[in-house]
Protein chains: 2
Amino acid sequence: MWYRDPGDASPVPVYDVHFCVVAHDDGKNSGMRRVRRRGLAHEAADHIRESIFDGRAAPGSALREVELAASLDVSRGSVREGLAILEREGLVRSEWHRGARVIELSPSDVNEVYTVRAALERLATISAAARMNAARLADLESLVQAMGRALEGDADGSTLLALDMAFHDRIYETAANGRLTDAWHGVRSQVRLFQLIRIERDQVDYRDRLVPEHHDLLRLMSRGPSEELARAAEEHVDSARRTLVHLLERDPDHPRS
Amino acid sequence: MWYRDPGDASPVPVYDVHFCVVAHDDGKNSGMRRVRRRGLAHEAADHIRESIFDGRAAPGSALREVELAASLDVSRGSVREGLAILEREGLVRSEWHRGARVIELSPSDVNEVYTVRAALERLATISAAARMNAARLADLESLVQAMGRALEGDADGSTLLALDMAFHDRIYETAANGRLTDAWHGVRSQVRLFQLIRIERDQVDYRDRLVPEHHDLLRLMSRGPSEELARAAEEHVDSARRTLVHLLERDPDHPRS
DNA sequence: GGATGTTCGAATGTTGACATTTCGACAACC
DNA sequence: GGTTGTCGAAATGTCAACATTCGAACATCC
C-alpha cells in the first residue's frame, strides 16, 4: 500500500527509487551502478532548492511549512526535514518559532562564501592533482571542451554554469575526501546562486575567462601538486569574488529577468 | 501547561530558556547579553553528544530513536532532529531505514579531518590576524597562560583539551566569517574526539607542545597576516595529524580507560 | 499623544500512531 | 551443501493532531 493516491499523474510509489548512473565511468560500466532511496525529505529539499534557483522563491521570502507541505503533497515533517537540509547548504535561514526564509545575498556574504571556497578549492585542487590519472584528466578535458562548444553555440547561462559546477565537482570527487566534500556542499549552493547573478549581469567577463582559467587549472593539475597550482586555484575563486562584489556594490538589488 | 510533568528533579518548562553569558567581553558588559531558546532537538543533541564523548556510546554502536526518546524523555521527532544535528557535525552516520550509528575512527578519517582542518585553520588564522586588537590578544594570551598553569598543576586531559579548543574557537570567532565557522563546526566535534584519543594515549608529546605551539601562533598573529603565520597554522594541525595517524596505526583499537 | 498591556490569529515545535523497509532465521528447492 | 524464497520482528519514515510561541492590532492608561 502506498501513501499517495495512485491517481496521480505519475503513479510511482512515494518511497521513490532513484537509479543513479555513474555519469563518468570509463565506458566499460554498462548501465546502472547503485540504487539509492532517499525519502521524501530529500525530494522536498530538491523541489524547494529548484524553486529558489528558478527565482520563484525570492531572497528573503518566507518558506512556510504548511504551504510547502500542501503544494508538494507531503507532510509537514518531511518539509521540515527538507528545510533542515537546505539550511545545511546555506540556502535557508531559520529561527526559533519564526520559520525559514530564503537567504539574502549581500556583498559581505560574497566575501564570506568565496573566501571559504578559496581555502577549500586550494586543498581540493592539490589533493586532486596528487590522485590524478589519465581517465580523470580526459574527463575534465572533455568538460572544458564542452564549455568551448557551448560558448561558440551561444548557449545560455545555465548551461555554462552547469559545466562550470561540474568541473569543480569532479575535482572534489577526485580529491576523495569525504569531509572536504561535505564542507564544499556547505557553500556549493550559495556559490551557484552567486554565479547565477554573475552570469545574469556580466555577460562578457565570465564568458571570456571561463575556458582559459579552467584550462590553466587543468594544465597545472596534470603536472601534480605545486604551490603554483594552489595559487591558481585561489586566484580563480578570488577573481570571481572581486567581480561579484563589484557587481553587487554597483547595483545592490538584483532585478531577475 | 507544560509538556513534561513538573515532578521532575528540575521543574523547568520544557521549552527551555538558555541564558548565554558572553564569556569574554571586555569586562564592561555587566551580565547577560542575549537569551536564546533552542528547542528540544538541540537539547537532545547535547545529551547524545556528551554520551559519545563520555564513551557511553561506543564508536559504531547504534543510536536507536525509540531508546533515546525514552531515556531523554522527549519524542522520537525531537531525537530524530537531534541526530540530524549530530550528523551535520560528523559525529553520527545515518542511512535510509537503517538508523544512526556513532562514527568509527580510522587513520584515513584522521587524514580527512585534519587535512580539512588545516585548510580552514590557515584561513581562520590569517583572517583573525587581520582583525586582531589588544583586547582579543589579551584574551588569547590569558588562555595560553591558563594552559601553562594547568600543566604545572598536573590537570587532567579534559581540562587541557577544553583550553585548546577554546583557543581555536576564539580564532574563528575573531575571523568573524559565518561560513567559515559553519565549516569549522562540521569538523570540530570530530577533532575533539580525536584529540581525546591523543591525550589518552600520548601523555608526553601533547603536553610538551601545547604551550609553545599556541604561543608561537599568538606571537605571529599579533604581527598581522603573513605567509609564515599561514604555514605555522597548517603545521600546527598537521603535526597533530601525524601524531594521531602514528598512534592509530600502532594500536587500532582504543581501549577506553 | 505616546507608551504600555492585552488579545487574537497564524505560524512553528512537539507528540504519538500508523506505514514501510530492513535483516535475520528458517524452510524449501536444486 | 549451497542457494533461494518466505516470514516476522524491530527498526525507521511518514503523517495528522495538539501545544506553544511570536507578532501585530487593538484597547487602555499615564
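If you're wondering where the values come from, they're calculated on a predicted model, not measured in any experiment. Labels below follow one simple rule: chain letters A, B, ... track the order of the sequence lines, proteins then strands, and each chain is numbered from 1.
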Task: A:S78 vs D:dC15: side-chain N/O to OP1/OP2 distance below 4.0 Å - done: yes
Open item on the list: Rounding to an integer number of Å, can you tell me how far A:R76 CZ sits from D:dG13 P?
Closed with: 19 Å
TODO: Would you indicate which nucleotide in D:dC15, C:dT12, D:dG13 comes nearest to any side-chain atom of B:H97?
DONE: D:dG13
Open item on the list: Please report the distance, rounded to the nearest Å, between CD in A:E67 and P in C:dA10.
Closed with: 13 Å
TODO: When you get a sec, tell me which of C:dG16, D:dT12, C:dG13 is the closest nucleotide to the side chain of B:R64?
DONE: D:dT12
Open item on the list: Once you apply a heavy-atom cut-off of 4.0 Å, does A:G99 come out as touching a base, just sugar-phosphate, or nothing?
Closed with: sugar-phosphate
- [ ] Mind calculating the distance between CZ (A:R38) and P (C:dT22) to the nearest angstrom?
- [x] 15 Å
Open item on the list: For a side chain to side chain contact (heavy atoms under 4.5 Å, CB included) check, start with the C-alpha distance between A:R49 and A:L86, then their side-chain angles and the critical distance, and finish with the verdict.
Closed with: CA-CA 7 Å; A:R49 191 187 300 110; A:L86 295 178; 3.9 Å; yes
Task: Sole candidate of B:E89, B:H168, B:M165 that passes side-chain contact (heavy atoms from CB on, under 4.5 Å) when paired with B:R188 - done: B:M165
Open item on the list: Without decimals, in angstroms, what is the distance between A:E43 CD and D:dG13 C1'?
Closed with: 14 Å
- [ ] Nearest whole angstrom, please: distance from the C1' of D:dT12 to the CG of B:L68.
- [x] 13 Å
- [ ] Compare side-chain N and O positions of A:S75 against OP1 and OP2 of D:dT14 and report whether any pair is under 4.0 Å apart.
- [x] no
Task: Least distance between heavy atoms, A:A240 atom then A:Q195 atom - done: CB-OE1, 4.5 Å
Open item on the list: Among D:dT12, C:dT14, D:dC15, which nucleotide has an atom closest to any side-chain atom of A:R80?
Closed with: C:dT14
Open item on the list: Rounded to whole Å, please give me the gap between CD in A:E81 and C1' in C:dT12.
Closed with: 16 Å
TODO: Say whether, by atom type as modelled, one donor and one acceptor occur between the side chain of B:R101 and the main chain of B:G60 under 3.5 angstrom.
DONE: yes
Open item on the list: Between A:R88 and B:D182 (salt bridge meaning N to carboxylate O under 4.0 Å), is one present in this structure?
Closed with: no
- [ ] State whether the distance check finds a donor on one side and an acceptor on the other, under 3.5 Å, for side chain A:R98 versus base C:dG13.
- [x] no
Open item on the list: Measure CZ/B:R93 against P/D:dT12 and give the value in whole Å, please.
Closed with: 18 Å
- [ ] Find the distance A:L63:CG to C:dA11:P and express it as a whole number of Å.
- [x] 13 Å
Task: Nearest-neighbour nucleotide for the A:L40 side chain, C:dC18, C:dG13, D:dC15 considered - done: D:dC15
Open item on the list: At 4.0 Å (heavy atoms only), tell me whether A:L83 reaches a base, stays on the sugar-phosphate, or touches nothing.
Closed with: nothing
Open item on the list: Below the 4.0 Å mark, does D:dC22 have OP1 or OP2 next to a side-chain nitrogen or oxygen of A:W96?
Closed with: yes
